[in-house]
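In the text below, chain A, chain B and the rest are named by the order of the sequence lines, each starting its count at 1.
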Amino acid sequence: MEIPKTYDPKITEDKWYAHWQKHKFFKSTPDKREPYTIVIPPPNVTGVLHMGHMLNNTIQDVLIRMKRMQGYNACWVPGTDHASIATEAKVVALLKEKGIKKSDLTREEFLKYAWEWKDKYGGIILKQLEKLGASCDWDRTRFTMEDDLSEAVIDVFIDLHAKGQIYRGVRMVNWDPQGLTAVSDEEVIHKEVNSKLYYVKYKIENSEPTEYITIATTRPETILGDTAICVHPEDERYKHLKGKRVLVPIINRSVPVIFDDYIDIEFGTGALKVTPAHDINDYNLGVKHGLEVIDTIAADGKMSEAAQFYVGEDRFAVRKKIAKDLDEMGLIVKVEDIKNKVGYSERTDAVIEPKLSMQWFLKMDTISKPALENVLNGEIKLIPEKFTNTYKHWMENVHDWCISRQLWWGQQIPAWYDNKGNTVVCKTKEEALIKLRVKNLELRVEDVKQDEDVLDTWFSSWLWPISVFDGFKNPDGEDIRYYYPTNDLVTAPEILFFWVARMIIAGYEFITPDEKEHQRKISKKELSIYNPKGAKPFTNVYLTGIVRDKQGRKMSKSLGNSPDPIELIEKYGADGVRVGMLLCSPAGNDLPFDESMCEQGRNFSNKIWNAFRLINGWEVNPDGKQSEASKISVEWFDAKFNEQLNLINDLYSKYRMSEALMTTYKLVWDDFCAWYLEMIKPEFVDGKSLPIDKATYDATIIFFEKILKVLHPFMPFITEEIWHLIAERKEKDCIIVAEWPIAVKENTAILKDFEVVMEVISNIRTIRKQKNISPKEKLKVFEKVNQGEIIKSYDGIIIKLCNLSSFEYVNQKVDGALSFVLKHAEFYVPISQNIDIEVEKERLAKDLEYNKGFLKSVEIKLSNEKFVANAKPEMIANEKKKQADAEAKIKAIEEQLMSLS
RNA sequence: GGGAGCUUAGCUCAGCUGGUUCAGAGCAUCGCCCUUACAAGGCGAGGGUCACUGGUUCGAACCCAGUAGCUCCCA
């Protein structure tokens, strides 16, 4: 059968993925083995795969495949997130296209559309992960809004409410006027923008008509909601205003002048207009000074009735209009261009309005304590470590978490209200009725209303590592006990607080590792799960970088700068894309994406493929005698492999994935293909390859299998394909479940010897290149050993790799030959063409100069009394050796120079 | 405004406890080669004042201080 020259991923990928699925290799059930568990960061259920997912999931798959091969019971739990704001926005947009307004629908009707949408598009992203080769246990696929998980969310809410951790109140929240919902602090992105700073005159009440105080504001549209002017108590400019009132322009409302050292005297005019309804700092001032709150901007970002002017117009339109009107009234002193930070909604990119509203909050002060402690004490490790600082800073300054969202898609808050302002928190309407009747005897069931809002999506995803193992539903279940705590979490630093920190909080809140403590909690009827292995949700958090385009911009749909991962896979193969991404993305570093990286990955696939073709094409002679050169080549590669495997294992243990891959890459490409295979490759005689001896062949097959295993986590498809082509195997004998090679201590002596051999080979090749000698022309080489004993074992290899007719040892210099000097010996290469003596002399002189310089630096060091006194003895011995070597080499070069002249 | 981090070859990054000629890797670049595994390849070559300025030290890419630039987080 003719094997194609290039590897074609198209014919292998789907085949092997189906094969793995068929034999349930991804499936995990608790058993006697040690578990290794990862829960996927659940992507948005209606999302499609982007490059960030690719990177993220590749890393997870590499980890899970390696651990699977190492004999762990590897379990990777997949699933999706209901992503309330994002999904609801998509559904609203889709309905709009159909001419349906959300406001015309009932909650039930809307949710019906949303579920339809979810059912239609919900599976896409998971299907795409299959293309990447993700070896998730698909039987375990979960969704944050499925019944069991939603029930857990509701129970947790009720539990935390009962513990007094959840409260409802009017607070200043971040309001998204487009999504029409509150969002948490973490969902606000502050961007620096160009703004205008307006200097506006406010008339002093009961004073001369010419008397004004000038304030500076970037938001003149909020003037209508002003309820005070604030200045610094120490500010000499305004001391005379004590006890005075000013008139708010346009609306002519009389408001007091208040004094507070919150004011920055330097900024603007040192006078601040106070709008408690529309700025968090103003709100705090308002609370402190007992100011009136006038909410002039409605939920949709348009001016409300309370504004009295410009009612119904958008705030940004009003900003321009009001500036113009003020100017016409002669109240604008000046307008400056400034840069300031403005908050945008993470989901809708609308400008966030600080807005007072009634929301539900989770107290964070005490509940977050163990989550901070256990990261600081190393119980949970962030990789790279630098994120620990950021984490600490956030956790020490954490605010209460606004968990209600004015949306329909999500878990509806289990709070119930009667018609008299009573509230209870419980699971069902029936329960609520009973509870409410205690206070409200006449209450009828129709008058019991559930809170309209849903919970923040993160209020469900923070339970993910517990709920995917049914920890809440079945707290003593085998799954939660076996798989929890999970091992590694792979995610983006952007969601360190949104998600990672909160999962840790949830772990310590709901899981108790202590049986007695658990019993105590049970008697108190708190929600609690006993897991002897610990409360933390995971041990290691691997934080990936952000995938950026060549210009360093974050890849995003709106910019259209993100390649379609599926197209990339079709073009370069899943293995190629995986390798491309991993090659240059150390943990925590951004990944500037360039397609050429995938090309490198694809080329690597091809290299492996061709190594297979070469080996596969050999005819084996069962009686053939193994040459000395082959024998030692086998010994060398065995040592090399072990050396590199030890290194690779070590890099994995430090989560240095890029480096583990690069080391593997070089092991395969350089050591195995470029050196080993060239060394043992049978010779070509009369247009035909000679057969290979069995001993070398068998060793080579074993090496190749080991190499395929080490490659497998990175390149699952090609390795599985070759695994089955290289030997007869049973259906279930797959590399995905093969054993990871065992690393033994390598033979360092042979590796050291080989470094010299390689140097010799490289020197001879360089001479060939420099003198333009055809690779086909056989050369003679002579070696004059000056130091140490003659080791002939490697001669065969040198002869083969340099295409020599002979390699001989001499005691004298060889005249009329090119030469090079190594530490221990001189080498002579006679060539047919004339030798340009001047060129040679120049070359040798350069070499001599270099070595003399080196010797000098060593001698300076050794003659330095302080060095000799302070340096470690090994260091001094080493310097002495360097000195001796350099002296020997200088001597040899000088002799050669003499012989040339 | 507060905090964290980064700056090493054209690009992306290693460089551990200061000590080998320690300045490295991959890619890219430049030569030569279509040598029966692979041109998606082979062989070879060039390329860096380790951001800058000082300091500590026998010795600094590495430790310290300052300066500049960049990034991120928080307000």
Residue A:Phe867, side-chain atoms from C-beta onward, closest of B:C58, B:U35, B:C74 = B:C58
query = When all nucleic acid strands are considered with a 4.0 Å heavy-atom cut-off, which category describes A:Arg656: base, sugar-phosphate, or nothing?
reply = sugar-phosphate
task = May I ask you to say what A:Asn389 touches in the nucleic acid, namely base, sugar-phosphate or nothing, with a heavy-atom cut-off under 4.0 Å?
result = sugar-phosphate
remark   = When both distances are under 3.5 Å in a Watson-Crick or G-U wobble arrangement, the nucleotide paired with B:A9 is none
task = Identify which nucleotide among B:A25, B:A14, B:C32 has an atom closest to any side-chain atom of A:Glu659, counting heavy atoms from C-beta outward.
result = B:A14
ask   = Does any nucleotide pair with B:U49 by Watson-Crick or G-U wobble geometry, both distances under 3.5 Å, and what is it?
value = none
ask   = Considering Watson-Crick and G-U wobble pairs with both distances under 3.5 Å, what does B:C58 pair with?
value = B:G19
inquiry  = In whole Å, measure the gap between the C1' atoms of B:A25 and B:C32 for me.
reply    = 24 Å
query = Are A:Lys681 and A:Glu678 close enough for a salt bridge, meaning some N to O gap below 4.0 Å?
reply = yes
note = Picking from B:A37, B:G19, B:C32, the nucleotide nearest the side-chain atoms of A:Lys861 would be B:G19
query = When the nearest nucleotide of RNA chain B is assigned to A:Ile546 and to A:Leu591 on a heavy-atom basis, which residue is associated with the more 5' position?
reply = A:Leu591
Out of B:G26, B:A37, B:C32, whichever nucleotide has its closest atom nearest the side chain of A:Lys666 = B:G26
task = Record whether the side chain of A:Glu678 comes under 3.5 Å of the base of B:A37 through a donor-acceptor pair of N or O atoms.
result = yes
note = Considering only heavy side-chain atoms of A:Met662, the closest of B:G42, B:A25, B:A37 is B:A25
ask   = Within the structure shown, what part of the strands sits under 4.0 Å from A:Lys881 by heavy-atom distance: base, sugar-phosphate, or nothing?
value = nothing
request  = Using a 4.0 Å heavy-atom cut-off across all strands, classify A:Tyr665 as base, sugar-phosphate, or nothing.
outcome  = sugar-phosphate
request  = For residues A:Arg765 and A:Leu801, determine if any side-chain heavy atom of one lies less than 4.5 Å from a side-chain heavy atom of the other.
outcome  = yes
Closest to the A:Asn606 side chain, choosing from B:U20, B:U36, B:A40 = B:A40
ask   = With ring centroids as reference points, do A:Phe387 and A:Tyr391 lie under 6.0 angstrom apart?
value = no
task = Could you check whether A:Trp618 gets within reach of a base, just the sugar-phosphate, or nothing at all, counting any heavy atom under 4.0 Å?
result = nothing
query = So what does A:Arg602 touch, heavy atoms closer than 4.0 Å: a base, only the sugar-phosphate, or nothing?
reply = base
note = Rounded to whole Å, CZ of A:Arg768 lies from C1' of B:G44 at a distance of 12 Å
query = In terms of side-chain heavy atoms of A:Gln600, which of B:U21, B:C27, B:G44 is nearest?
reply = B:C27
inquiry  = Expressed as a whole number of angstroms, how long is the span from A:Lys607:NZ to B:G26:P?
reply    = 14 Å
ask   = Looking for any heavy atom pair under 4.0 Å, which part of the strands does A:Phe387 touch: base, sugar-phosphate only, or nothing?
value = nothing
inquiry  = Looking at A:Lys5 and B:C38, is any side-chain donor or acceptor paired with a base atom of the opposite kind under 3.5 Å?
reply    = no
query = What nucleotide, of B:C58, B:G41, B:A14, holds the atom closest to the side chain of A:Lys866?
reply = B:C58
